[in-house]
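Values below: every heavy atom of this structure, side chains too, minus hydrogens, waters and symmetry copies.
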Amino acid sequence: MTREKLSLFDTTLRDGQQTHGVDFSLDDKRRIARALDALGLDYVEGGWPGANPTDSDFFDAAPTLDQATFTAFGMTKRAGRSAANDEVLASVLNANTPAVCLVGKSHDFHVTTALNITLDENRENIRESFAHVVAQGREALFDAEHFFDGYKANREYALGCLHDALQAGCRWVVLCDTNGGTLPGEIGRIVGEVIASGVPGEKLGIHTHNDTETAVAGALAAVDAGARQIQGTLNGLGERCGNANLISLIPTLLLKEPYASQFDIGIPLEKLGDLTQISRMLDDILNRVPNRHAAYVGASAFTHKAGLHASAILKDPTTYEHVVPETVGNARVVPMSNQAGQSNLRQRLEEAGIAVEKGDARLSEILNEVKRREDQGYAYDSAKGSFELVARGILGQLPRFFDVERYRVMVEKRRNARGEKITVSEAVVVVNIGGERIISAADSFFAESEADQGPVHALSAALRRDLGRYQSFINDMKLVDFKVRITNGGTEAVTRVLIDSEDGQGRRWSTVGVSANIVDASFQALSDAVTWKLIRDGATA
């Protein structure tokens, strides 16, 4: 059976950049564009040439893409001038991209209210703009802005805008649910009616926003109705609530029926294994913590916490997993928590390389200890490193690498040599290693930072600065995330600190500390992180 071509158009670098708080650098744009091209996307929209210096520089030194069609974005010409004499349109064409995507109005209300021109003038702008783009030898795409609202308000006018663009030579006309309020069932119905009006499905695209949390479902509804291009962004970036998430759509199209059998999206199945890495690369660029609950790629997407679920997973993963985690570059997690049973426990111990015979009485002891500690505020479903240390302690497999005699941290507000007010955190840690007493000190500017990173950073730096004969094991270790939660309020409030650490091998592990004192809770988690690293790297006590 021959599969139909379904085109994927990525607009992370343009529409995704409209996300509140997102501002890609030139290097960010190049890195993302290369990743999209390597994944196998059909189109990569780079931005709006001339709209800002970064976009202009990006098009001036455009990346070489092996598969994706590099696309510039702009708008149709303005009324009262020719397409050839519109400087805004000219800046888009001067980017010399193989494809050009222009946005234009298709809702009569926006034409008369926002543009303050006549309906005929707007259609003329559409016709002349695309005729000019096509005459320049470029592939043309029309983003019909506010199409669904426009269609419901004035069906004939909205359809007329699409047909004008097609008659002028557009390769694609894209129906944009710009306000994000059209539900999937209505999108499917309207797309079907658009095709019935004479717009070929193989020239029809869909662009949905996530304001009703249905952008992905809306895009799929459009495909079901006959549209053959989907526009979206990585991780669903976009203004307001975001755009259709290509990270969710791609595996759905490749793995789920009827899409897997019906469509060729140009992405080889083996490329799916890169999907989690690409999603997290974007979060890293944006300095964001990845969404643990993201479909397919989230850290919790294949996490099985309840004991009943974990027991079934050990027998057959398909009992609670709709796809194999590794297919999308993810991994199964069976966490420890106060809901856990021995199935979770055995699975977690196996992952840590700890062999315990089935039925060993110490399994119940470990389970009871975890539940007791979670009653005190610990959270081992999110701290695999600390859980492993608890289990090893009960099993008699926990080496004692060092003893912490004492530590101290101070925070000072003062002026620096330039007279600027700064905050500096200073920490001292005293450890005993095999009878050798080692004193280490560091501040919150230690090593990699030019700005104050706070007391926890100072403590971490002091602990890792000199660990005697174990120093070589922890030189590549760094703190990458820090979370604080108050587990109960009032004068008896307890603080839980979760710390994520990473090493030069790319391993990332989480540890937890609990105390009424946030610094003490942090130091517990830091100490556990170092101990876990020493065990995993084969250090001997």
Side-chain angles (χ1 to χ4, degrees), residues 7 9 11 13-15 18 43-53 55-60 62 69-147 150-151 154 156-176 178 194 197-200 203-205 207 229 231:
S7 176
F9 183 109
T11 181
L13 300 178
R14 200 272 305 174
D15 216 351
Q18 296 184 42
Y43 295 86
V44 171
E45 187 176 62
W48 189 329
N52 59 71
D55 279 7
S56 296
D57 290 345
F58 183 53
F59 284 99
D60 287 343
T69 299
F70 194 41
T71 307
F73 179 84
M75 66 180 184
T76 55
K77 80 169 189 70
R78 289 164 291 177
R81 65 194 72 192
S82 69
N85 290 320
D86 189 298
E87 65 274 15
V88 176
L89 181 57
S91 67
V92 177
L93 288 168
N94 288 341
N96 294 315
T97 55
V100 171
C101 181
L102 299 181
V103 63
K105 302 293 186 184
S106 58
H107 186 180
D108 56 359
F109 168 74
H110 281 268
V111 173
T112 56
T113 303
L115 296 182
N116 196 28
I117 60 175
T118 68
L119 298 183
D120 287 340
E121 284 177 314
N122 181 62
R123 290 186 64 172
E124 179 185 355
N125 291 344
I126 293 170
R127 288 191 297 269
E128 291 191 11
S129 296
F130 287 111
H132 183 60
V133 170
V134 172
Q136 303 297 313
R138 314 294 176 80
E139 181 179 344
L141 299 92
F142 174 39
D143 270 6
E145 190 178 34
H146 296 286
F147 176 81
Y151 182 88
N154 187 335
E156 295 306 317
Y157 185 77
L159 288 173
C161 293
L162 301 183
H163 287 283
D164 286 342
L166 286 174
Q167 290 166 10
C170 259
R171 168 64 183 89
W172 295 99
V173 291
V174 182
L175 311 183
C176 299
T178 310
V194 168
S197 79
V199 177
K203 291 190 174 185
L204 187 63
H207 180 115
Q229 184 188 93
Q231 293 192 356

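A pairwise comparison of heavy atoms in G47 and R14 identifies CA-CG, 3.5 Å as the closest pair. Nearest approach of F73 to P49, heavy atoms of both residues: O-CD, 3.4 Å. A95 approaches F59 most closely through the heavy-atom pair CB-CD2, 3.8 Å. Taking each heavy atom of C101 and T71 in turn, the nearest pair found is N-CG2, 3.9 Å. The two residues A165 and V173 make their nearest non-hydrogen contact at CB-CG1, 3.9 Å. For V134 against A168, the heavy-atom pair with the smallest separation is CG2-O, 3.7 Å.
A 4.5 Å side-chain heavy-atom check between L141 and V100 finds every atom pair outside the cut-off. Side-chain contact between T76 and F130 is present, with at least one heavy-atom pair separated by less than 4.5 Å. A 4.5 Å side-chain heavy-atom check between L162 and L175 finds at least one atom pair inside the cut-off. By the 4.5 Å heavy-atom criterion applied to side chains, H207 and F147 are not counted as neighbours. Annotation: side chain of L166 is in contact with side chain of P200 (closest heavy-atom distance under 4.5 Å). When side chains are defined from C-beta on, T178 does not count as touching H107, because their heavy atoms never get closer than 4.5 Å.
The CD atom of E145 lies 7.0 Å from the NE2 atom of H110; values are rounded to the nearest 0.5 Å. Remark: K105 NZ to L119 CG distance equals 13.0 Å, nearest 0.5 Å. N125 CG to D120 CG: the interatomic distance, rounded to the nearest 0.5 Å, is 11.0 Å. The OG1 atom of T97 sits 10.0 Å away from atom CD of E139, with the distance rounded to the nearest 0.5 Å. Going from atom CD1 of I126 over to atom CG of D164 covers 6.0 Å, rounded to the nearest 0.5 Å. Rounded to the nearest 0.5 Å, atoms CG (L102) and SG (C170) are 7.5 Å apart.
Residue pairs meeting the side chain to side chain donor-acceptor pair (under 3.5 Å) criterion with at least one member in residues 87-96, sequence neighbours excluded: R78-E87, R81-E87, N96-R138. Sorted by first then second residue, the side chain to side chain donor-acceptor pair (under 3.5 Å) pairs that include residues 166-175, not counting sequence neighbours, are Y43-W172.
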- prompt: Step by step, would you call F58 with F70 a ring-ring contact (aromatic ring centres under 6.0 Å, His included)?
  reply: CA-CA 11 Å; F58 183 53; F70 194 41; 5.6 Å; yes
- request: Starting from the C-alpha separation in whole Å, work towards a yes-or-no answer on side chain to side chain contact (heavy atoms under 4.5 Å, CB included) for V111 and Y157.
  value: CA-CA 11 Å; V111 173; Y157 185 77; 3.9 Å; yes
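Side-chain N or O atoms of S129 include one that pairs as donor or acceptor with a backbone N or O of K77 at under 3.5 Å.
Side-chain contact check for Q231 and D143: at least one donor-acceptor pair (N or O, by modelled atom type) lies under 3.5 Å. Between H132 and D86, the side chains place no donor N or O within less than 3.5 Å of an acceptor N or O (distance only, hydrogens not considered).
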